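A short write-up of the structure that comes next.
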Amino acid sequence: NMALLVANVLFGANFSFYVSLTRYYFTFQQIFMMQVTTAAAFFIPFALFSSRSYRITVEDFGSIFIVALLVVYGWMYMLVWGGSCTSPIDGSTISTLGPVFTLFVARIVTPKSISWLRIAGAVIALMGAGVLLFDSGSSLVGDNVEGFGNALVLCAVVAIAANTVLIRPQLQRYSPTVVMGWYYIIGFAISAPFFWSEIAGINPLRLPIGPLFELMYVLVLGTVLPMWLLYVGAEHLTSIHTALYRYIQPVVA
């Protein structure tokens with residue numbers, strides 16, 4: 001699915017920009033809140049003005065709420081926090097473990113057994129991540145700061161793997177844009193009270209042209225567009241296929 005391929009190409013570039021922006025211009029909390037605000041501004045109108053929103057059941061809303069927590073705090077917050085602490089190479093390499101966790105979650109939530117071929121694919125993914133990490137001269141543990149950043153990125157990978165499996169039924173019933181609109185209604189409501197003061201006085205237009213481009217990439221091409229493409233692809237593919245497409249991220253990062 002081309003949507004998943006493009007999504008992971010766009011996600012892969014974020015790690016370099018996280019390091020650059022948090023080193024010289026912003027805190028990771030500021031970038032996180034700007035990401036949530038930008039995504040909310042784009043997707044919330046789809047939820048508010050779609051007739052499908054008014055057909056969401058209480059059970060489905062509960063699922064969307066849980067997955068919104070995984071997306072906003074488990075994925076976005078931990079990823080930008082971890083990405084600001086670790087190296088772009090380590091961050092993108094740890095992301096190769098996404099397919100492994102996707103297969104694991106899929107096995108828990110669905111009764112269908114996983115074939116030996118898929119298990120072999122998961123083992124290859126683990127081996128590939130290990131080779132890339134040690135070949136780059138570092139390890140998952142690293143020093144105190146880098147090791148902590150790697151652990152956060154790993155938590156983010158687990159969160160995004162779980163959410164692509166758990167939310168697929170709602171994507172099929174209500175469409176990706178409607179579901180994502182509710183993600184960010186919930187996400188903005190649970191993040192703005194804590195982080196809005198971080199960005200209240202920020203004027204991004206005062207940035208030099210290079211960092212301004214990096215910030216615009218992170219907010220639009222690194223957050224809004226790939227998240228939409230990810231769920232467009234996940235809507236039509238099984239969690240196994242989604243995992244396999246997500247494996248290309250380290251290649252393009």
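All of these numbers come straight from a predicted model, not from anything done at the bench. Reckoned from all heavy atoms, side chains included, excluding hydrogens, waters and symmetry mates.
Between Asp60 and Tyr174, the closest side-chain pair of non-hydrogen atoms falls below 4.5 Å. The shortest side-chain heavy-atom distance between Thr27 and Glu198 falls under the 4.5 Å cut-off. Counting heavy atoms from C-beta on, the side chains of Phe188 and Met33 come closer than 4.5 Å. In this structure, Tyr24 and Val19 have side chains that are not in contact, with every pair of non-hydrogen atoms separated by 4.5 Å or more. Using a 4.5 Å heavy-atom cutoff, the side chains of Ser53 and Trp182 are in contact. When side chains are defined from C-beta on, Thr37 does not count as touching Leu219, because their heavy atoms never get closer than 4.5 Å. Contact annotation: the side chain of Tyr183 approaches that of Tyr231 to within less than 4.5 Å [non-hydrogen atoms, C-beta and beyond]. Under the 4.5 Å side-chain criterion, counting only non-hydrogen atoms from C-beta, Phe213 is not in contact with Leu207.
Closest non-hydrogen pair, Leu221 versus Pro226, comes out as O-CD, 3.1 Å. Summarising the geometry of Gln170 relative to Val179, their closest heavy-atom pair is O-CG2, 3.6 Å, with the distance given to 0.1 Å. Scanning both residues, Ala47 and Val178, for their nearest heavy atoms gives CB-O, 3.9 Å. Of all heavy-atom pairs spanning Pro193 and Ile190, the tightest one is CD-C, 4.2 Å. Residue Pro204 comes nearest to Ile202 through the heavy atom pair CD-O, 3.6 Å, listed as atom of the first residue, atom of the second, then distance. When all heavy atoms of Tyr25 and Ser20 are compared, the closest pair comes out as CD1-O, 4.3 Å.
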Under the side-chain contact (heavy atoms from CB on, under 4.5 Å) criterion, do Met78 and Val153 qualify, and how do the steps go? CA-CA 6 Å; Met78 288 195 177; Val153 173; over 6 Å; no
Would Met227 and Trp75 satisfy side-chain contact (heavy atoms from CB on, under 4.5 Å), going step by step from the backbone distance to the final call? CA-CA 11 Å; Met227 286 299 288; Trp75 168 248; 3.8 Å; yes
Ile185 vs Leu48, side-chain contact (heavy atoms from CB on, under 4.5 Å): CA-CA, chis, key distance, verdict: CA-CA 10 Å; Ile185 290 174; Leu48 296 180; 4.2 Å; yes
Would you check, one step at a time, whether the test side-chain contact (heavy atoms from CB on, under 4.5 Å) holds for Ile199 with Phe26? CA-CA 10 Å; Ile199 66 170; Phe26 300 107; over 6 Å; no
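Hydrophobic clustering keeps Ile66 apart from Leu171 (ILVMFWY residues linked when any side-chain heavy atoms are closer than 4.5 Å, directly or through intermediates).
Remark: Leu21 CG to Ile31 CD1 distance equals 4.5 Å, nearest 0.5 Å. To the nearest 0.5 Å, the span separating CD1 on Ile56 from OG on Ser63 amounts to 11.0 Å. To the nearest 0.5 Å, atoms CG (Leu69) and CD1 (Ile186) are separated by 7.5 Å. A distance of 10.5 Å separates OG1 of Thr223 from CE of Met34, quoted to the nearest 0.5 Å. Residue Trp81 holds its CH2 atom at 16.0 Å from CE of Met76, rounded to the nearest 0.5 Å. Taking CG of Leu225 as the reference point, atom OH of Tyr217 lies at 9.0 Å (rounded to 0.5 Å).
Applying the ring-ring contact (aromatic ring centres under 6.0 Å, His included) test to Tyr73 and every residue at least two apart in sequence or in another chain returns Phe32, Tyr77.
Taking the six-membered ring for Trp and the full ring otherwise, the centers of Phe43 and Trp228 sit at least 6.0 Å from each other.
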